[in-house]
Number of protein chains: 2
Amino acid sequence: MQFSVRLPVATHILLCIGKFQGEYKTTSTFLAGSVNVHPVIIRKTLGQLRAAGLVEVAAGVGGAKLTKSPRDITLLDVFRAVEEEEDLFHFQENPNPQCPVGRNIHRVLGTRLEKIKQHMMDDLAGITLEELLHAVDEEN
Amino acid sequence: MQFSVRLPVATHILLCIGKFQGEYKTTSTFLAGSVNVHPVIIRKTLGQLRAAGLVEVAAGVGGAKLTKSPRDITLLDVFRAVEEEEDLFHFQENPNPQCPVGRNIHRVLGTRLEKIKQHMMDDLAGITLEELLHAVDEEN
DNA sequence: CATAGGTGTAATAATATATGTTACAATGGA
DNA sequence: TCCATTGTAACATATATTATTACACCTATG
């Protein structure tokens with residue numbers, strides 16, 4: 001089990017926009033060429049990033065740009081833009097309420113797994129687009 | 001996107017075995033009744049837990065028991081028993097190597113997401129079956 | 001003001017993964 | 001031998017993901 005390609009793809013898109021801003025017009029076709037996905041996937045993802053207030057897309061003429069400094073965009077922003085707000089783990093519905101384990105499992109496990117998800121969010125919040133742009137430039 | 005129900009279900013199974021050991025014979029049908037899944041799912045999961053050395057299952061007669069103290073079983077053990085060893089996030093294959101972002105994204109993002117996964121594993125390793133059994137008994 | 005290149009979005013398809021179910025040979029105690 | 005049970009394969013179903021096609025709409029520009 002792993003998370004979908006959406007966070008990596010969205011991050012890739014933002015890095016390209018940040019890196020090529022002013023230099024190239026970052027259209028969906030241009031971005032699709034770097035990421036290696038269908039341009040429609042790029043447009044859908046850009047739509048999510050736009051809804052989250054991270055980018056502006058030029059209607060008609062085309063191209064996207066960041067609405068804030070890369071310093072102020074974190075992976076948590078990206079994660080929230082492209083992933084549903086939900087529990088980290090899926091719980092089985094309707095465990096047996098007659099069983100002491102069944103009637104407590106969701107509370108007992110759920111609260112602990114919730115904390116783990118919170119740590120993950122905190123970690124994501126600690127990574128900025130700026131840091132990633134610098135790392136990309138190191139070209140190792 | 002969320003992880004499958006497997007970790008919660010496997011944990012539920014172990015908690016039942018730990019709680020009812022000696023009291024009831026924890027057959028797949030018995031466990032299925034508490035978890036609310038098909039007995040075959042329980043048997044498959046028990047098979048994974050057995051392969052990981054966490055339980056023993058009595059062939060023929062039926063019933064399962066823990067091979068170690070609940071103090072020595074952590075959620076990381078359970079996670080590893082039922083989930084594939086893989087990256088937290090799925091990466092897009094073949095990003096464009098001509099693009100500075102495309103040829104660096106996997107290294108730059110991958111290493112950082114790898115650390116986040118490691119934190120998750122550390123968190124899971126800090127939760128023991130014993131702690132969960134106590135919490136279940138609190139019946140709140 | 002027509003056009004070319006671009007976006008937004010719906011519809012559909014293809015694929016993968018997760019979960020549920022049936023079936024049945026094999027096990028081992030009563 | 002009989003019976004409850006396990007282990008496992010095969011198949012079915014549901015859901016999520018990703019790819020693709022199609023097309024109406026937008027806007028700078030010749």
Side-chain angles (χ1 to χ4, degrees), chain A residues 1-10 12-13 16-17 20 24-33 35-52 55-65 79 81-95, chain B residues 1-10 12-13 16-17 20 24-33 35-52 55-65 79 81-95:
Chain A
M1 269 268 14
Q2 59 184 177
F3 279 99
S4 89
V5 79
R6 284 193 295 271
L7 173 78
V9 163
H12 189 148
I13 290 173
C16 280
I17 297 175
F20 298 123
Y24 294 101
K25 187 168 73 163
T26 49
T27 65
S28 62
T29 304
F30 175 89
L31 293 167
V35 178
N36 185 34
V37 290
H38 199 280
V40 171
I41 303 286
I42 300 286
R43 284 185 227 143
K44 281 183 187 165
T45 307
L46 276 176
Q48 294 178 299
L49 295 172
R50 177 165 41 83
V55 301
E56 277 170 1
V57 181
V61 58
K65 59 178 192 174
F79 182 81
V82 300
E83 295 284 349
E84 291 287 312
E85 186 86 27
E86 63 193 342
D87 289 343
L88 187 55
F89 286 86
H90 176 204
F91 270 81
Q92 183 64 15
E93 315 250 304
N94 307 316
Chain B
M1 268 272 8
Q2 59 184 174
F3 279 99
S4 89
V5 80
R6 284 192 297 271
L7 174 77
V9 164
H12 190 148
I13 290 173
C16 280
I17 297 175
F20 298 124
Y24 295 101
K25 188 168 72 163
T26 49
T27 66
S28 62
T29 304
F30 174 89
L31 293 167
V35 179
N36 184 34
V37 291
H38 198 281
V40 171
I41 303 284
I42 300 286
R43 285 185 227 142
K44 281 182 186 167
T45 307
L46 276 174
Q48 294 179 298
L49 294 172
R50 178 166 40 83
V55 302
E56 278 170 1
V57 181
V61 58
K65 58 177 193 175
F79 182 81
V82 300
E83 293 285 349
E84 292 286 312
E85 185 87 27
E86 62 194 343
D87 289 344
L88 188 56
F89 287 86
H90 177 204
F91 270 82
Q92 183 65 14
E93 316 252 302
N94 308 315

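Every chain is numbered from 1, with letters handed out A, B, ... down the list of sequences.
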Span of DNA chain D, from the first to the last nucleotide whose atoms fall under 4.0 Å of chain B heavy atoms: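 In short, chain B contacts DNA chain D from D/dA4 to D/dA19.
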
For B/Ser4 and A/Thr27, take the nucleotide of DNA chain C holding the closest heavy atom to each; which residue's nucleotide lies nearer the 5' end?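 It is A/Thr27, whose closest nucleotide lies nearer the 5' terminus.
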
Of A/Val57 and B/Phe3, the one whose closest DNA chain C nucleotide lies more 5':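 By nearest-heavy-atom nucleotide position, the 5'-most residue is A/Val57.
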
For A/Glu56, salt bridge (Lys or Arg N to Asp or Glu O under 4.0 Å) partners two or more places apart: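 By the salt bridge (Lys or Arg N to Asp or Glu O under 4.0 Å) rule, A/Glu56 matches no residue at all.
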
Minimum heavy-atom separation for [X] to [Y], with atom names?
X: B/Lys65; Y: B/Ile17; value: CA-CG2, 3.6 Å
X: B/Leu31; Y: B/Cys16; value: CD2-CB, 3.5 Å
X: A/Val82; Y: A/Ala10; value: CG1-CB, 3.8 Å
X: B/Ala64; Y: B/Thr26; value: O-OG1, 2.9 Å

Main chain of B/Pro8, side chain of A/Gln92: is a donor-acceptor contact present, judged purely on distance under 3.5 Å?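 No; zero donor-acceptor contacts below 3.5 Å.
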
Sub-3.5 Å donor-acceptor pair from the side chain of A/Lys25 to the main-chain atoms of A/Val61, do we have one?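 Answer holds: yes.
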
Mind listing the residues from residues 84-91 of chain B sitting with a heavy atom below 4.0 Å of DNA chain C? Number order is fine.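 Within this stretch, nothing sits under 4.0 Å of the strand.
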
Which parts of residues 36-46 of chain A get close to DNA chain C, meaning a heavy atom less than 4.0 angstrom away?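 Heavy-atom cutoff 4.0 Å gives A/Val40, A/Arg43, A/Lys44.
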
Using the ring pair (Phe, Tyr, Trp, His ring centres under 6.0 Å) criterion, which residues pair with B/Phe79? Sequence neighbours excluded.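 Once residues adjacent in sequence are excluded, the partners of B/Phe79 under the ring pair (Phe, Tyr, Trp, His ring centres under 6.0 Å) criterion are B/Phe3.
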
Please list, chain by chain and in numerical order, all residues satisfying ring pair (Phe, Tyr, Trp, His ring centres under 6.0 Å) with A/Phe91, sequence neighbours excluded.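 A/Phe91 satisfies ring pair (Phe, Tyr, Trp, His ring centres under 6.0 Å) with A/His106 only.
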
Hey, does [X] reach any base, or is it just sugar-phosphate, or nothing, if we go heavy atoms under 4.0 Å?
X: B/Ser28; value: sugar-phosphate
X: B/Gly62; value: sugar-phosphate
X: A/Gln2; value: nothing

Please check if atom CD in A/Glu86 has more than 12 non-hydrogen atoms from other residues, nucleotides or ligands closer than 6.0 Å.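 Yes, CD of A/Glu86 has more than 12 neighbouring heavy atoms, counting only those of other groups under 6.0 Å.
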
Heavy-atom nearest nucleotide on DNA chain D for A/Gly60 versus B/Thr29: which residue maps closer to 5'?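 With A/Gly60 and B/Thr29 compared, the 5'-side residue is B/Thr29.
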
Start at the 5' end of DNA chain D and walk down; is the nucleotide closest to A/Val5 or to A/Ala59 reached first?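 That would be A/Val5.
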
Nearest-0.5 Å distance that lies between atom CG in A/Leu7 and atom NE2 in A/His12: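 The NE2 atom of A/His12 is 13.0 Å from CG of A/Leu7, to the nearest 0.5 Å.
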
With a 3.5 Å cut-off and sequence neighbours excluded, list the donor-acceptor pairs that the side chains of residues 41-52 of chain B form with protein atoms.
from	atom 1	to	atom 2	distance (Å)
B/Arg43	NE	B/Ser28	OG	3.2
B/Thr45	OG1	B/Ile41	O	2.8

Bounds of contact between DNA chain C and chain B, in 5' to 3' order, using a heavy-atom cut-off under 4.0 Å: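 Both ends considered, the range comes out as C/dA18 to C/dG28.
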
